[in-house]
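If you read the sequence from its start, that first residue is 1, and numbering goes on from there. These numbers come from a predicted model, not from an experiment.
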Amino acid sequence: MRIALASSNGDIVDLHLGKAVSLVIYDVVDNDFDFVETRKLAIDVIQECNDCDVIISTKYGFKSKIKAEDAGIKLVSDEGPVEEVLQRYIDHYNFMNS
């Protein structure tokens, strides 16, 4: 699973998706996550994240939600240190799929 996170500095999830100029990308396998890249964004965030399964930001707008659903990408609201946000999502994902 590939997860993108809206972060101003790469360390904390602290941005509204529409205000993000870049996203940090992580690959998640089992319960481990590995940093892939910091991806600069242009105009269409959802299109630029078409290889991601999940995008996590503090908030997101209605248009982003519709575009993400159409693209098969899950949008999640959370905030805090990147590693803690990733671990919370992984724990939730594992719980919901058990």
Side-chain heavy atoms under 4.5 Å apart, restricted to Ile/Leu/Val/Met/Phe/Trp/Tyr: what other residues fall into the cluster of I55, or is it alone? L17, L23, I25, V36, L41, V45, I46, Y60, I73, L75

Any side-chain to backbone donor/acceptor pair from S7 onto I12? Under 3.5 Å, distance only. yes

Hey, does the side chain of D78 reach the backbone of T58 with a donor-acceptor pair shorter than 3.5 angstrom? no

Is it the case that over 12 heavy atoms from other parts of the model lie below 6.0 angstrom from the CG atom of N9? yes

Return yes when atom CD of Q47 has more than 12 non-hydrogen atoms of other residues, nucleotides or ligands closer than 6.0 Å, and no otherwise. no

Closest non-hydrogen atom pair, G61 against H16: N-CE1, 3.8 Å

Within residues 74-98 or reaching into it, pairs that qualify as ring pair (Phe, Tyr, Trp, His ring centres under 6.0 Å) - sequence neighbours excluded: none

Applying side-chain contact (heavy atoms from CB on, under 4.5 Å) to L15 and S57, what does each step give before you reach the verdict? CA-CA 6 Å; L15 294 174; S57 61; 6.0 Å; no

Enumerate the residue pairs fulfilling salt bridge (Lys or Arg N to Asp or Glu O under 4.0 Å) with a member in residues 48-58, sequence neighbours excluded, ordered by first and then second residue. R2-D51, R39-D51

When rounded to the nearest 0.5 angstrom, what is the spacing between [atom1] in [X] and [atom2] in [Y]?
X	Y	atom1	atom2	value
L5	E79	CG	CD	13.0 Å
Y26	I56	OH	CD1	11.0 Å
D30	N94	CG	CG	8.5 Å
E83	Q87	CD	CD	9.0 Å

Carefully, step by step, assess I3 and M1 under the rule side-chain contact (heavy atoms from CB on, under 4.5 Å). CA-CA 7 Å; I3 300 177; M1 167 177 15; 4.1 Å; yes

Verify same cluster id: V54, F35 (apolar side-chain graph, 4.5 Å): yes

